[in-house]
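Here the structure comes first, spelled out in structure tokens, and everything after it is commentary.
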Amino acid sequence: MSNLIINSSIKTPSVSFELSGVLEISGKSIPENSVEFYKPVFDWLDVYSKSPAPDTQLKVSLEYFNTSSSKCLLDIFRRLESINGSGKSAVRVRWFYESDDEDMMEAGEDYQALVKLPFEISAS
Amino acid sequence: MSKSPLYNLLQNFQDENILIAYRGEIKEDMLEAVYEMMSRVGDEKKPPADKQKKIFYILVEALQNVFRHQAKDAGVINGMPSGFMIRREDDNAYVVTTGNCLPSGAVDEIKVRINEINGYSAEQLREKSRQSLNTGRISEKGGAGLGLIEMARKSGQKLKFEFEKVDDNYSFFILEVTIR
């Protein structure tokens with residue numbers, strides 16, 4: 001299995017998921033059907049979960065995302081929760097929002113409330 | 001009144017402070033052109049920077065809803081295609097309006113849903129949004145069932161709607177979201 005690198009497009013974010021455990025999603029996420037876009041990400045995580053790096057860190061810095069993506073993001077966090085729960089890797093999430101963007105800060109807080117992982121929210 | 005329909009239309013745009021208007025089926029590849037259009041609205045009419053993101057976000061959600069739910073029957077598409085508009089209302093508000101035909105059978109459910117959402121306080125909206133996010137699933141069309149609630153939440157205003165009967169089977173659904 002190799003690293004997952006997806007370049008950004010006008011509607012989709014850039015994704016960089018490395019076997020070293022350094023994971024990043026950034027940009028804009030507004031595809032009409034987000035499941036199609038995020039499927040390779042889910043598949044990669046499923047394989048990664050079998051032998052993850054000792055530390056896994058997901059950095060999320062999105063300018064905006066549609067509701068379809070919001071569900072996929074939660075699904076990503078749920079997979080990370082399982083990996084964390086398995087004891088094979090210490091997982092944490094770092095959520096970044098543009099400093100004047102209250103909506104994105106609130107979105108981070110929503111996920112923080114729903115997701116059982118160390119979840120840091122910072123202005124960028 | 002000029003003889004030119006275009007002149008009259010443009011005059012109407014001016015009078016009503018319409019920034020963008022579009023008539024036609026909302027197609028997947030069209031959404032990219034819309035995003036481009038949004039970024040090209042003239043400086044004198046452009047919303048302030050802090051509002052632009054919100055307006056754009058709401059437009060995306062509203063159009064993606066139309067894309068998923070607009071009736072595809074040729075008779076309907078030709079007779080009463082989808083459309084959307086953004087206009088400025090007084091100094092502070094921007095109004096995003098979308099319209100699309102849908103089966104008349106869907107009307108009551110939508111009315112109930114929107115009235116329910118409009119009844120929530122900001123805190124309740126946030127709570128409901130979290131609940132729906134947590135328990136919902138993505139439909140075959142790619143929707144997460146969160147669009148209306150997120151539009152209400154992000155705009156901080158009540159959603160306005162109207163239904164116009166098109167024929168025995170279809171109604172035209174107009175959704176208006178105001179961003180202050």
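To find a chain, count down the sequence lines: A is the first, B the second, and so on, and within it residues start at 1.
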Counting heavy-atom pairs under 4.5 Å with chain A, which one of B:K154, B:E150, B:E61 comes out on top?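 Counting heavy-atom pairs under 4.5 Å, the top option is B:E61.
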Inspect the surroundings of CD in A:E102 and state if more than 12 heavy atoms from other residues, nucleotides or ligands are less than 6.0 Å away.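 12 or below, so no.
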B:Y7 atom OH: more than 12 heavy-atom contacts under 6.0 Å: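 At most 12 heavy atoms, drawn from other residues, nucleotides or ligands, come within 6.0 Å of this atom.
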Identify the two heavy atoms, one from [X] and one from [Y], that lie closest to each other, and give their separation to 0.1 Å.
| X | Y | answer |
| --- | --- | --- |
| B:R68 | A:S68 | NH2-CB, 4.0 Å |
| B:Y57 | A:F65 | CE1-O, 2.9 Å |
| A:K71 | B:L133 | NZ-O, 2.9 Å |
| B:Q64 | A:I30 | NE2-O, 2.8 Å |

Only distances under 3.5 Å count here; give the side-chain donor-acceptor pairs of residues 95-109 of chain B to other protein atoms, sequence neighbours excluded, each with its distance to 0.1 Å.
from	atom 1	to	atom 2	distance (Å)
B:S104	OG	B:N169	O	3.3
B:S104	OG	B:Y170	N	3.4
B:S104	OG	B:S171	OG	3.1

Following the transitive rule for hydrophobic clusters with a side-chain heavy-atom cut-off under 4.5 Å over Ile, Leu, Val, Met, Phe, Trp and Tyr, establish whether [X] and [Y] coincide in one cluster.
| X | Y | value |
| --- | --- | --- |
| B:M85 | B:L9 | yes |
| A:I121 | A:M104 | yes |
| A:V22 | A:I76 | no |
| A:V15 | A:M1 | yes |
| B:L10 | B:F84 | no |

Assess whether a salt bridge exists between B:K53 and A:D100, defined as any Lys/Arg side-chain N lying under 4.0 Å from an Asp/Glu carboxylate O.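 The answer is no: the pair does not qualify as a salt bridge.
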Does A:E106 offer a backbone N or O that forms a donor-acceptor pair with the side chain of B:R126 under 3.5 Å?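 Answer holds: yes.
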Which bit of A:E63 comes within less than 4.5 Å of chain B, counting heavy atoms only: side chain, backbone, both or neither?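 Answer is both: backbone and side chain atoms of A:E63 are under 4.5 Å from chain B.
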Using non-hydrogen atoms and a 4.5 Å limit, figure out which bit of A:E98 sits close to chain B: side chain, backbone, both or neither.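 Answer is side chain: those atoms of A:E98 sit under 4.5 Å from chain B.
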CA sep, side-chain torsions, deciding dist, call: B:N134, A:R78, side-chain hydrogen bond (donor to acceptor under 3.5 Å, both in side chains): CA-CA 10 Å; B:N134 203 20; A:R78 294 288 183 226; 2.4 Å; yes
Using side-chain heavy atoms (C-beta onward) and a distance below 4.5 Å, is A:T67 in contact with B:M151?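 Counting from C-beta outward, A:T67 and B:M151 never come under 4.5 Å.
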